[in-house]
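The structure appears right after this line, and notes come after that.
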Amino acid sequence: MANCIRCGRQMPGLSFGRKICQWCVQHEAAQRGELAEDARQPVIRTPWVHRGESSISLTQIFFGINVAVYLGMVLASGSPFQEFSGSELVQWGANAGALTLSGEWWRLLTCVFIHGSLLHIAFNMWCLWDLGALSESLYGRWTFGALYLICGLGASIASVIWNVHVLSVGASGAIFGLAGALIAAFKLGEFSVPRAALSGTLRSLVVFVGFNLIFGAASHVTDNAAHVGGLITGLILGALIAVLAPQHDHAARRLAIFGAATLALAAGANALAHHYGMPLRLGRVTYDRASRQLESSPAQMIQGFQKIVRDRPNFVPGHIGLAKMYANQGQFAPAETELKRALELDPRNIEARFGLGKLDLNYNHPQEAAAAFRQVLAEDANNAEAHFGLGIALAVQENNQAAIPEFKTAAQLDPQLTGVYYNLGLSYAQLKKYDDAIAAYLKEQQENGDTGQLETALAQAYQAKGMSQQSADARRKATELNRQ
């Protein structure tokens, strides 16, 4: 990265034009009397002093670790552009609630360096490059490193607390923690430049956090619990450092802050483990063999979950995890048994109820499936997948008039839910509303890509409207896609 020509401070990546940092620009403006001086604030750390540290920053090291892990996953899977499967993410150290709570607490940290797709890692590394460089220049290397890792742990624990059944990966929780620490520092810390020099950066940080939290809530895919957990951890740590240890030479105080934060997170993890009847274990101990099995073939993964539920028969996430493994392998009867056992232990468990609804659809029991999905919606009215499942169950019963509102609600809650517009189109077609059916099919195409099945449905709708040429084109595309 380039350095400021005034003070020598490292500039952010991709800086163009005259190499003058924002600190020097604001300071010179203040000296010329162009800015009103607020109360002075001593600096947390003079950002341009390197104190003999290596030219390679810790931000670059974290960046390199993330990229190296992603490249390893690509080489192992042979697919650089597709999303990694859940089993692949688990093998590389994803935060999987059932496994984490079973003793594999290292997943709380390893998941911070794992990403699910090329787009996922590209966006996170872009944010890390800028926020990491700014944080490291202000706090110093070791303080920045501790902040990043502890915020990552806070994000991972929050993810398990919010939804123990969801796989969580990515650096975004730790990055939100950096943003939180910077916001707290800019509001409470003391800097040797006018407050006006910080206002632009502070506004940018607040906008970054607000936009991404809103986007995450709207996407229904993003692990917003991890974002919030990392943000809160960062805000607390940043505030404590700004108030109790603002100077760079307050190493002992900062160490005490980080030690207390680590103990607090460990206490939270312990409370979470006891909530699920799992005593806190620091290491693999009982589950070492199960862990090795989970990192291998699907059959061995099933054996690993079987070992977990044998050792902890009242561990609900273990039963649900085993049920998912069975269902993925087409073993629906044992999957049903595990889900029913989970409901016996926790009658209001949405994940188990939803799983039974999907199994009822596989068994072609649409009435039972509809009842299961309605029970899920009674607990969580904004569950897009439950609305989708209820729509399918109603459509199978040829109640397309009632199915359509369910599909529309599911699409409104999660526009990228695969198949929702396709099934909406099928229901419209059954009611001979071919214009609406075609519009729904094209929307599915736009949101989730084209398939042979989708083109076939389009061809049938075009044919019903007498649009022979469009129908022939769609059938040709269907044939080409089915050959791929």
Side-chain angles (χ1 to χ4, degrees), residues 1 4 6-7 9-13 15 20-31 34-49 57-59 126-148 150-151 154-155 172-214 227-250 253-254 257-258 261:
M1 291 185 287
C4 175
R6 295 280 193 271
C7 65
R9 181 182 183 275
Q10 279 190 336
M11 300 283 289
S15 297
I20 302 177
C21 69
Q22 62 169 330
W23 307 92
C24 289
V25 170
Q26 295 286 349
H27 183 65
E28 291 173 3
Q31 287 183 321
E34 297 174 2
L35 294 176
E37 293 239 4
D38 285 345
R40 287 170 57 85
Q41 304 185 54
V43 76
I44 289 180
R45 178 196 178 194
T46 308
W48 49 85
V49 177
S57 68
L58 191 54
T59 299
W126 173 54
C127 295
L128 174 60
W129 190 262
D130 282 339
L131 278 180
L134 177 59
S135 301
E136 188 171 0
S137 68
L138 288 172
Y139 285 114
R141 174 171 291 191
W142 83 265
T143 301
F144 160 70
L147 266 174
Y148 185 82
I150 293 174
C151 288
S172 55
I175 294 169
F176 265 80
L178 295 180
L182 288 171
I183 290 172
F186 290 168
K187 293 295 289 185
L188 302 176
E190 297 186 348
F191 294 86
S192 59
V193 294
R195 187 180 294 272
L198 307 176
S199 60
T201 302
L202 181 58
R203 281 196 301 269
S204 297
L205 286 169
V206 173
V207 170
F208 166 81
V209 169
F211 173 79
N212 282 282
L213 287 177
I214 293 171
H227 292 173
V228 173
L231 177 65
I232 292 174
T233 305
L235 285 169
I236 293 172
L237 290 175
L240 290 174
I241 291 172
V243 173
L244 301 178
Q247 300 298 331
H248 181 71
D249 54 4
H250 290 164
R253 294 184 188 179
R254 292 187 179 186
I257 290 170
F258 291 136

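In this text, all values refer to a predicted model and were calculated from it rather than measured experimentally.
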- Note on the structure: One should read off an interatomic distance between L231 CG and L178 CG, to the nearest 0.5 angstrom, of 11.0 Å
- Query: So how far is it from C127 SG to F176 CZ, rounded to the nearest 0.5 Å?
  - Reply: 8.0 Å
- Task: List in chain and number order the residues that pass side-chain hydrogen bond (donor to acceptor under 3.5 Å, both in side chains) with T233, two or more places apart in sequence or in another chain; answer none if no residue qualifies.
- Result: none
- Message: Set out, in order, the CA-CA distance, both residues' side-chain angles and the distance that settles side chain to side chain contact (heavy atoms under 4.5 Å, CB included) for F258 and I241, then state yes or no.
- Response: CA-CA 9 Å; F258 291 136; I241 291 172; 3.8 Å; yes
- Note on the structure: Exactly one of L237, I150, T143 clears side chain to side chain contact (heavy atoms under 4.5 Å, CB included) with I257, and that residue is L237
- Note on the structure: Scanning both residues in full, the closest heavy-atom pair of L131 with A179 reads CD1-CB, 4.2 Å
- Item | Heavy-atom side-chain contact between F144 and L138 under 4.5 Å | no
- Residues C151 and G177: closest non-hydrogen pair is SG-CA, 3.5 Å
- Mind checking the CG-CG spacing from L188 to L244? Nearest 0.5 Å is all I need. 10.5 Å
- Task: Can you sort out the partners of I232 under side-chain contact (heavy atoms from CB on, under 4.5 Å), two or more places apart, ordered by chain and number?
- Result: V228, I236
- Those residues at least two apart in sequence (or on a different chain) that pass side-chain contact (heavy atoms from CB on, under 4.5 Å) with A181 are Y139, L147
- Query: Which residue pairs pass the side-chain hydrogen bond (donor to acceptor under 3.5 Å, both in side chains) test with at least one member in residues 172-181, sequence neighbours excluded?
  - Reply: S172-H227
- Message: Tell me every residue that passes side-chain hydrogen bond (donor to acceptor under 3.5 Å, both in side chains) with S135, counting only those two or more places apart in sequence or in another chain.
- Response: none
